[in-house]
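A short worksheet on the structure shown next.
Residues: numbered from 1 along the sequence shown.
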Amino acid sequence: MSRADLRNLANAFAGQIEKTLNRTITNNAKIKAVVPDGSDGSLIPVGQGLTKRSLVATLIPLHLRNETPTAWLDLIFQMCMDDQGEYLMVRSSYIAIAADPVGEAQLCHFDYERDKGDGYPEAHLQIHGPTPPALTKICKAARRDDDTLAKLHFPVGGRRFRPCLEDVIEFLITERLARGHPDWQKVIEEGREGFQAVQLRAAMRKRPDVVEAYLGKYGEKLGWQRVPPPRSGSLPVQPRRG
């Protein structure tokens with residue numbers, strides 16, 4: 001994949017995020033991919049309000065009643081090529097729900113950082129709010145200095161099974177924190193299925209042994225047949241034709 005291909009795919013990804021938001025919980029979100037000044041173009045941020053000189057995203061207003069925003073969505077994705085240089089990959093993502101347009105008062109945020117180096121889970125949820133008495137008691141017993149709720153990193157599925165944007169949208173609508181547009185359920189189901197398909201393909205590339213074992217056990221029942229590949233004694237499974 002060339003850098004030009006990466007830019008094109010990142011632009012397409014930005015367009016899909018924008019479309020999903022404006023068909024579910026926003027009215028005029030404008031999401032774009034940018035190549036920052038001085039960058040070699042190998043890492044492309046995606047968000048609202050980004051420019052080549054500023055990578056600070058602007059928050060997106062969410063409406064519950066009338067036209068007065070009741071909450072704001074802060075999101076940014078960092079896109080790059082995968083390790084093999086063949087597919088578009090999310091290097092990191094940040095999705096936050098805030099009560100103000102600058103994000104000072106947050107409810108929570110969903111983080112994902114591939115190969116996170118500080119010991120915390122790559123995919124995690126952090127919740128902002130008063131510290132529960134139970135947490136204070138647990139931290140005291142564990143001799144943990146910081147008992148702040150927002151400092152806890154709740155694991156949420158890891159690299160392959162982390163929440164997607166559609167999950168956050170569903171949460172906002174079902175908990176009546178934002179108003180959903182007509183047919184929002186169809187939009188998020190289609191988006192979620194697409195996300196899960198991408199993750200499944202990536203998992204299959206990572207664990208071909210699991211794929212082979214599954215097809216070895218269930219392949220024939222699914223209408224596949226075993227065909228020996230050239231110069232190999234193993235028997236992969238291929239689809240029957242006709």
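- Residue Ala33 comes nearest to Asn11 through the heavy atom pair CB-OD1, 3.5 Å, listed as atom of the first residue, atom of the second, then distance.
- With hydrogens and angles ignored, the 3.5 Å screen pairs a side-chain donor or acceptor of Thr20 with a backbone N or O of Gln16.
- A donor-acceptor pair is defined here as one N or O able to donate and one able to accept, closer than 3.5 Å; no such pair exists between the side chain of Asp111 and the backbone of Tyr94.
- With rounding to the nearest 0.5 angstrom, the CG atom of Leu50 is 7.5 Å from the OG1 atom of Thr58.
- Looking at every heavy atom in both residues, Gly180 comes nearest to Ile173 through CA-CD1, 3.6 Å.
- Separation of atoms CG (Leu125) and CZ (Phe154) is listed at 7.0 Å; rounding is to 0.5 Å.
- Judged purely by distance below 3.5 Å, without hydrogens or angles, the side chains of Gln126 and His124 pair a donor atom with an acceptor atom.
- Going from atom CG of Asp74 over to atom CD1 of Ile97 covers 11.0 Å, rounded to the nearest 0.5 Å.
- Looking at heavy atoms from C-beta onward, Asn27 lies out of side-chain contact with Asn22 at the 4.5 angstrom threshold.
- Residues Leu59 and Ile17 fall into different hydrophobic clusters, defined by Ile, Leu, Val, Met, Phe, Trp and Tyr side chains chained together at heavy-atom separations under 4.5 Å.
- In this structure, the separation between NE2 on His181 and OG1 on Thr26 is 5.5 Å, given to the nearest 0.5 Å.
- Not one N or O on the side chain of Asp147 forms a donor-acceptor pair closer than 3.5 Å with the backbone of Leu135.
- Nearest heavy-atom pair, Pro45 versus Gln78, reported as atom, atom and distance to 0.1 Å: CG-OE1, 3.6 Å.
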Check step by step if side-chain contact (heavy atoms from CB on, under 4.5 Å) holds for Arg91 and Leu43.
CA-CA 8 Å; Arg91 180 68 182 79; Leu43 189 64; 3.8 Å; yes
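- Considering all non-hydrogen atoms of both residues, Gly103 and Ala98 come closest at CA-CB, 3.8 Å.
- Distance CD/Glu18 to CG/Leu21: 8.5 Å, rounded to 0.5 Å.
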Verdict with reasoning, Val46 to Ile31, per side-chain contact (heavy atoms from CB on, under 4.5 Å):
CA-CA 7 Å; Val46 171; Ile31 311 298; 3.6 Å; yes
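- The side-chain heavy atoms of Glu190 and Gln185, taken from C-beta on, include no pair separated by under 4.5 Å.
- Between Ile188 and Glu170, the shortest heavy-atom distance links the atoms CD1-CB, 3.6 Å.
- Cluster membership for Ile60 and Leu107, using ILVMFWY side-chain heavy atoms within less than 4.5 angstrom, is shared.
- By the rule that hydrophobic residues join a cluster once side-chain heavy atoms approach within less than 4.5 Å of another member, Trp184 and Leu172 end up as members of one cluster.
- Met81 and Phe13 fall within the same hydrophobic cluster, where Ile, Leu, Val, Met, Phe, Trp and Tyr residues are linked whenever their side-chain heavy atoms come under 4.5 Å apart, directly or through other members.
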Please step through side-chain contact (heavy atoms from CB on, under 4.5 Å) for the pair Arg114 and Ser92, ending with a clear verdict.
CA-CA 6 Å; Arg114 191 180 180 90; Ser92 66; over 6 Å; no
side-chain contact (heavy atoms from CB on, under 4.5 Å) between Ile44 and Cys80, intermediate numbers included
CA-CA 6 Å; Ile44 301 181; Cys80 65; over 6 Å; no
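- With values rounded to the nearest 0.5 angstrom, Tyr112 atom OH is found 8.0 Å from Ser93 atom OG.
- Residues Asp40 and Arg3 meet the side-chain proximity criterion, which asks for heavy atoms closer than 4.5 Å.
- Remark: the backbone N or O of Pro163 is not paired with any side-chain donor or acceptor of Asp167 at under 3.5 angstrom.
- Side chains of Leu9 and Met89 form no contact here, defined as non-hydrogen atoms less than 4.5 Å apart.
- In this structure, Arg162 is not positioned above the aromatic face of Phe195 in the sense of NZ or CZ being under 6.0 Å from the six-membered ring centre and within 45° of the axis.
- Between Arg53 and Asp37, at least one side-chain nitrogen of the basic residue sits less than 4.0 Å from a carboxylate oxygen of the acidic one, meeting the salt-bridge criterion.
- Contact between His128 and Ala150 at its shortest, heavy atoms only, is ND1-CB, 3.8 Å.
- Under the 4.5 Å side-chain contact rule for hydrophobic residues, Phe110 and Leu149 share a cluster.
- Side-chain atoms of Asp183 never come within 3.5 Å of backbone atoms of Lys186 as a donor-acceptor pair (strictly under, hydrogens ignored).
- No donor-acceptor pair closer than 3.5 Å links the side chain of His153 to the backbone N or O of Ala123.
- Ser2 contributes a side-chain N or O that, together with a main-chain N or O of Asp5, makes up a donor-acceptor pair within less than 3.5 Å.
- Judged purely by atom type and a 3.5 angstrom limit, Arg207 has no side-chain atom pairing as donor or acceptor with the backbone of Asp209.
- The backbone N or O of Thr51 sits nowhere less than 3.5 Å from a side-chain atom of Ser54 that would complete a donor-acceptor pair.
- Taking a cutoff of 4.0 Å between a charged side-chain nitrogen and a carboxylate oxygen, Glu122 and Lys116 do not qualify as a salt bridge.
- In terms of modelled atom types and a separation under 3.5 Å, the side chain of Gln48 and the main chain of Lys30 share a donor-acceptor contact.
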